[in-house]
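Any value given below was found using the heavy atoms of this structure, including those in side chains, with hydrogens, waters and symmetry copies removed. Residues: numbered from 1 along the sequence shown.
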Amino acid sequence: MIKKKILVIDDEELIRWSLKENLFKYGYDIVVAETGEDGFEKFINFHPHLVLCDIKLPGIDGLEILKKIKESDLEIPVIMITAFGDISTAIEAMKRGANDYINKPFDLDELRLLIDKVIENASVYVEAKSLRNQQLRQYSFSSIVGKNKSILEVVEFAKKLVNSSASPILICGESGTGKDILAKAIHYESKRIKKPFVEINCAAIPDNLLESELFGYEKGAFTDAKQAKKGLVHSADEGTLFLNEIGDMGLSLQAKILQLIENKSFRPLGAVSDIEVNVGIIAATNKDLTKAIKIGEFRNDLYYRLNAFTLKLSPLRERMEDIILLTEHFLKQYSYELKKKNPPVLSKEVKNVFLRYHWPGNIRELKNIIERAIIIGAVENINLTHLPLELRSYEGEMPEFNKTAKEKSTLKEFEKELILQALHKTNGNQVRAAKILGISRDSLRYRAIKLGILESKE
């Protein structure tokens with residue numbers, strides 16, 4: 001076990017000697033300094049886990065040393081030693097960042113307990129900060145993988161919404177396209193980052209239970225309400241509430257969500273007054289809400305309120321250039337999580353299957369296939385034997401070749417879809433794709449670059 005290092009800065013020789021002798025017996029590694037100047041130099045070289053610093057020092061006093069230590073490393077805990085009764089100076093030290101203080105003369109056992117508590121609290125803080133930084137890396141816009149034009153446009157628009165604090169935001173897309181990842185990125189890139197991100201899947205909970213989960217209830221609101229319960233809306237105050245699959249929410253509950261958006265308040269079940277909240281709302285759905293409105297399953301007033309800021313995620317089959325990119329990303333991710341030395345690489349046969357496959361489960365399906373392959377033993381290469389049975393024998397082409405293109409509303413969209421499908425059909429071979437389209441390879445490249453499908457090498 002590594003010894004915790006403590007730096008003692010005090011001008012009284014007896015105190016320095018006593019602390020060094022006794023704290024060493026408790027298992028600490030101790031360095032002492034007589035002046036503030038010497039103390040700060042030793043702080044830089046010694047890298048202590050904690051500093052014990054007297055407030056009254058010759059030359060640079062303890063408050064100045066405290067300031068210099070915190071400017072150098074904010075996370076290093078500092079306990080100030082002060083004369084008995086000098087509470088005002090101790091309070092000033094706490095305001096400037098000291099973690100705690102102790103009065104002279106002090107009991108060594110009391111000091112030891114204080115040191116243990118402060119070091120433990122500092123460790124918890126560092127761990128929490130590390131976890132938050134990990135969340136920032138995991139749920140930021142930079143973590144969204146893709147070079148497809150549609151996903152790049154979505155991310156750029158999302159950045160604008162974050163900067164403007166727009167709410168509510170609606171994210172549309174098929175299941176598995178990453179709506180939850182985008183929602184978390186919006187939260188962790190926003191000013192609400194230090195507040196909760198509260199997610200609930202509206203499709204997974206019956207409406208009568210969903211209402212009490214969202215809004216909470218007062219004691220006695222119904223038969224089994226033996227005590228009051230705080231709802232998720234209240235828990236998300238100052239943070240973000242993510243209503244996943246809002247298209248599956250019942251009409252009566254939709255009305256209450258609309259009231260929450262419009263009035264920034266809600267009323268728990270059984271309560272007699274409203275509670276005001278400041279909640280950023282992000283909703284997501286895999287349904288066509290305009291069709292749901294026509295058949296009476298979704299409120300048009302809620303839809304028009306949500307639809308002001310809409311982000312639409314394309315299915316993976318329309319992001320051909322991102323399939324291998326995403327695959328390599330998941331290979332690295334799961335190799336790291338499963339403690340594999342190096343991520344395996346895809347065989348040519350697997351790449352061909354991946355580029356032909358229609359990916360009904362989208363990114364989630366691709367992610368699960370990669371995780372499965374690594375778990376069942378793919379070490380250096382992923383070949384067809386590592387794929388699920390339905391993919392091993394898959395011989396399909398890009399579904400409905402030409403038909404999808406005919407459904408595009410503009411000539412530009414029609415041309416882009418034709419080129420994408422031709423490249424899909426030929427596994428990215430530009431010469432063969434050009435032959436299918438009846439144009440030269442140079443013409444294909446020119447049009448593909450112009451439409452954002454390929455990148456110019458210039």
Side-chain angles (χ1 to χ4, degrees), residues 128-202 214 232-247 249 257-258 260-266 276-286 289 302-316 318-319 322 325-326 329 333 362-364 452:
K129 185 176 180 180
S130 175
L131 179 60
R132 181 169 294 280
N133 289 336
Q134 183 180 341
Q135 288 176 321
L136 283 174
R137 290 191 298 271
Q138 186 177 358
Y139 301 122
S140 64
F141 290 132
S142 61
S143 70
I144 298 175
V145 178
K147 59 181 180 181
N148 174 269
K149 186 178 179 181
S150 67
I151 192 66
L152 294 177
E153 288 176 347
V154 164
V155 170
E156 284 305 308
F157 186 36
K159 288 179 180 178
K160 293 178 181 178
L161 298 182
V162 165
N163 292 333
S164 65
S165 301
S167 178
I169 296 170
L170 178 64
I171 304 175
C172 300
E174 295 179 8
S175 294
T177 50
K179 299 186 292 294
D180 56 333
I181 300 298
L182 180 58
K184 288 173 182 174
I186 291 171
H187 170 77
Y188 284 105
E189 294 274 6
S190 74
K191 295 176 182 178
R192 300 180 184 272
I193 180 175
K194 294 182 179 180
K195 300 299 180 179
F197 176 87
V198 179
E199 176 179 359
I200 189 164
N201 190 324
C202 303
L214 283 171
L232 295 180
V233 173
H234 203 176
S235 298
D237 192 19
E238 302 294 333
T240 300
L241 177 67
F242 178 41
L243 300 170
N244 202 358
E245 304 306 346
I246 196 172
M249 182 183 287
I257 295 298
L258 180 62
L260 171 64
I261 294 170
E262 296 287 356
N263 301 332
K264 300 186 185 304
S265 65
F266 71 97
E276 292 187 358
V277 286
N278 176 13
V279 177
I281 295 177
I282 303 175
T285 182
N286 61 8
L289 294 185
L302 177 57
Y303 171 72
Y304 292 127
R305 191 68 180 84
L306 293 172
N307 196 43
F309 303 106
T310 301
L311 300 167
K312 189 176 188 310
L313 292 173
S314 300
L316 188 55
E318 294 180 9
R319 295 173 55 186
D322 289 342
L325 197 65
L326 283 161
H329 170 74
Q333 176 184 326
N362 291 296
I363 298 174
R364 184 184 294 124

Practice problem: Compute whether any side-chain donor of one residue and acceptor of the other, for S265 and N263, lie under 3.5 angstrom apart. | Solution: no
Once you round to the nearest 0.5 Å, how far does [atom1] of [X] lie from [atom2] of [Y]?
| X | Y | atom1 | atom2 | result |
| --- | --- | --- | --- | --- |
| R364 | T177 | CZ | OG1 | 8.0 Å |
| E276 | H234 | CD | NE2 | 11.0 Å |
| S314 | E153 | OG | CD | 9.0 Å |
| K184 | I282 | NZ | CD1 | 11.0 Å |
| L306 | L289 | CG | CG | 7.5 Å |
| I181 | S140 | CD1 | OG | 10.5 Å |

Identify the two heavy atoms, one from [X] and one from [Y], that lie closest to each other, and give their separation to 0.1 Å.
| X | Y | answer |
| --- | --- | --- |
| N362 | E174 | ND2-OE1, 3.2 Å |
| L152 | K147 | CD1-O, 3.5 Å |
| A236 | V198 | CB-CG2, 3.7 Å |
| T310 | F157 | O-CE2, 3.6 Å |

Mark yes or no for whether [X], through its side chain, and [Y], through its backbone, hold a donor-acceptor pair below 3.5 Å.
| X | Y | value |
| --- | --- | --- |
| K191 | V162 | no |
| N148 | D322 | no |
| T285 | C172 | no |
| E189 | F141 | yes |

Quiz item: Would you call L316 and L326 a side-chain contact if the rule is heavy atoms closer than 4.5 Å?
Solution: yes
Practice problem: Answer whether the closest heavy-atom distance between the side chains of L311 and I186 falls below 4.5 Å. | Solution: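 They are in side-chain contact.
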Side-chain polar contacts of residues 238-246 - donor-acceptor pairs under 3.5 angstrom, sequence neighbours left out - could you list them?
residue, atom, partner, partner atom, Å
E238, OE1, N278, ND2, 3.4
T240, OG1, H187, ND1, 2.7
E245, OE1, N286, N, 3.1

Practice problem: Please step through side chain to side chain contact (heavy atoms under 4.5 Å, CB included) for the pair L214 and M249, ending with a clear verdict. | Solution: CA-CA 12 Å; L214 283 171; M249 182 183 287; 4.3 Å; yes
Practice problem: Could you please spell out the steps behind the side chain to side chain contact (heavy atoms under 4.5 Å, CB included) verdict for L313 and I151? | Solution: CA-CA 7 Å; L313 292 173; I151 192 66; 3.6 Å; yes
Practice problem: Kindly write out the residues that satisfy side-chain hydrogen bond (donor to acceptor under 3.5 Å, both in side chains) with D180, not counting sequence neighbours, or none if the list is empty. | Solution: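 For D180 there are no side-chain hydrogen bond (donor to acceptor under 3.5 Å, both in side chains) partners, ignoring immediate neighbours.
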Practice problem: Using the test side-chain hydrogen bond (donor to acceptor under 3.5 Å, both in side chains), find all partners of S235 that sit at least two apart in sequence or belong to another chain. | Solution: none
Practice problem: Identify whether the distance between the nearest side-chain nitrogen and carboxylate oxygen of R305 and E262 falls below 4.0 Å. | Solution: yes
